[in-house]
Q: 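Structure incoming, see below.
When reading the values below, keep in mind they use all heavy atoms of this one structure, side chains included, and skip hydrogens, waters and symmetry mates. A quick note: this is a predicted structure, and the numbers were derived from the prediction, not measured.
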Amino acid sequence: MRGWKGAVIAAALAGIVSIIPFVGHVPRYWLSGLTPNISVPLFALLVISIMERAGCPPVFRTREWRAAFLFGAIAALLLYPSALGLGLPSLDVYSLGWPWLVWGHSLVLFAAVAAVAALLVWRANRFGWILVAAALLYLPGIQESRNFWDYLLDPLYAVVSLFWMAKLAADRLRRR
């Protein structure tokens with residue numbers, strides 16, 4: 001069922017499924033083992049995707065989806081290898097996300113995201129506004145974590161972004 005009726009029915013079913021225990025725990029607790037909070041970009045991309053599939057006018061064009069997944073893939077390649085101890089031993093990229101108002105070196109991450117967001121907004125790419133929203137939601141601390149990385153990236157967004165970019169690269173190689 002498409003349109004708003006389908007979206008309401010899907011939301012109701014998702015709500016019901018999220019409160020029914022499965023093997024002793026509700027599904028949202030199983031997912032919290034993967035990530036306690038989803039990132040702002042992933043949440044926005046899910047909402048946009050659901051709206052578009054429900055029959056709403058498209059919010060994102062192809063270039064916005066590409067920017068979203070390119071950002072996720074680059075952020076994942078910057079953050080996760082460092083978190084696993086790969087790369088420079090003295091560089092912990094995750095530490096760049098701790099409260100930037102307190103630690104001056106954390107301004108590097110915030111400034112980099114601000115620059116990317118500004119460039120995207122300037123080029124009329126709507127994904128830039130999602131990065132602006134992530135920064136604005138970080139300031140009052142709406143999530144449990146106070147690390148800016150957790151507002152920008154989560155494992156699910158990272159994996160989806162890496163797979164999407166791999167698929168895009170494979171499609172381009174196939175066309176050549």
Side-chain angles (χ1 to χ4, degrees), residues 1-20 22 25-80 97 112-140 142-145 147-175:
M1 184 178 286
R2 297 190 69 73
W4 286 105
K5 286 182 184 178
V8 169
I9 290 170
L13 287 174
I16 290 168
V17 167
S18 72
I19 61 173
I20 296 174
F22 176 73
H25 298 287
V26 292
R28 68 178 180 267
Y29 293 138
W30 287 103
L31 292 175
S32 70
L34 178 63
T35 181
N37 299 305
I38 66 170
S39 62
V40 174
L42 179 62
F43 179 77
L45 294 175
L46 287 172
V47 168
I48 290 167
S49 180
I50 290 168
M51 287 173 52
E52 289 180 356
R53 294 212 186 264
C56 295
V59 176
F60 267 18
R61 297 166 293 218
T62 302
R63 67 190 190 117
E64 274 112 8
W65 287 107
R66 190 178 305 122
F69 292 123
L70 180 61
F71 176 84
I74 290 171
L77 292 173
L78 286 173
L79 176 65
Y80 291 119
V113 171
V116 169
L119 177 67
L120 289 171
V121 169
W122 181 66
R123 296 195 54 160
N125 188 310
R126 294 179 186 129
F127 180 69
W129 290 109
I130 292 175
L131 295 178
V132 170
L136 291 175
L137 292 171
Y138 170 74
L139 292 174
I142 66 158
Q143 290 188 357
E144 182 180 356
S145 174
N147 192 301
F148 189 41
W149 274 111
D150 295 328
Y151 287 76
L152 298 173
L153 188 69
D154 61 75
L156 184 57
Y157 178 40
V159 168
V160 169
S161 296
L162 290 169
F163 275 118
W164 198 88
M165 292 309 294
K167 181 187 178 306
L168 183 67
D171 289 346
R172 286 190 180 183
L173 285 174
R174 219 174 302 138
R175 275 187 257 151

Q: Mark yes or no for whether Arg126, through its side chain, and Glu64, through its backbone, hold a donor-acceptor pair below 3.5 Å.
A: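 Not at all, since once roles are kept as given, no pair shorter than 3.5 Å links the two residues.
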Q: Can you name the residues that form a ring-ring contact (aromatic ring centres under 6.0 Å, His included) with Phe60, not counting sequence neighbours?
A: Trp65
Q: Nearest heavy-atom pair of Ala76 and Leu162: which atoms, and what distance?
A: CB-CD1, 4.2 Å
Q: I'd like to check Leu153 versus Tyr80 (side-chain heavy atoms, cut-off strictly below 4.5 Å). Are they in contact?
A: yes
Q: Nearest 0.5 Å, please: how far is OG in Ser39 from CG in Leu137?
A: 11.5 Å
Q: Could you tell me if the side chain of Val160 sits less than 4.5 Å from the side chain of Tyr157, heavy atoms only?
A: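 Sidechains of Val160 and Tyr157: no contact.
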Q: Tell me every residue that passes side chain to side chain contact (heavy atoms under 4.5 Å, CB included) with Ala44, counting only those two or more places apart in sequence or in another chain.
A: Ile130
Q: Just so I know, are the side chains of Arg66 and Trp164 near enough to count as touching, which here means a heavy-atom distance under 4.5 Å?
A: yes
Q: Report yes if some heavy atom in the side chain of Asn125 is under 4.5 Å from a heavy atom in the side chain of Leu119; otherwise report no.
A: no
Q: State, to 0.1 Å, how close Asp154 and Leu156 come at their nearest heavy-atom pair, and which atoms those are.
A: OD1-N, 3.0 Å
Q: Are the side chains of Met165 and Leu168 in touch, meaning some heavy atoms are under 4.5 Å apart?
A: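 A side-chain contact exists here, since the closest heavy-atom pair is under 4.5 Å.
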Q: Within the side chain of Tyr138, is there an N or O that forms a donor-acceptor pair under 3.5 Å with the backbone of Leu152?
A: no
Q: Could you tell me whether the side chain of Glu52 and the main chain of Ser49 form a donor-acceptor pair under 3.5 Å?
A: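 Not confirmed, Glu52 side chain does not pair with Ser49 backbone.
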Q: Can you classify the ring geometry of Phe127 versus Phe71 as parallel (below 30°), tilted (30 to 60°) or perpendicular (above 60°)?
A: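 Tilted: the ring planes of Phe127 and Phe71 meet at 30° to 60°.
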Q: Enter the distance from Met51:CE to Ile48:CD1 here, rounded to the nearest 0.5 Å.
A: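 Here the rounded value is 7.5 Å.
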Q: Please report the closest heavy-atom contact between Val132 and Ala117, naming both atoms and the distance.
A: CG2-CB, 3.9 Å
Q: Calculate, to the nearest 0.5 Å, the distance between atoms CZ and CG belonging to Arg63 and Leu120 respectively.
A: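 With rounding to 0.5 Å, CZ (Arg63) is 9.0 Å from CG (Leu120).
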Q: Can you name the closest pair of heavy atoms from Ser161 and Ala68 and give their distance?
A: OG-O, 4.3 Å
Q: Donor-acceptor pair, distance only, cut-off 3.5 Å: does the side chain of Gln143 make one with the backbone of Phe148?
A: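 Absent.
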Q: Give every residue pair that meets the salt bridge (charged side-chain N to carboxylate O under 4.0 Å, His left out) criterion with at least one member in residues 159-170, sequence neighbours excluded.
A: Lys167-Asp171
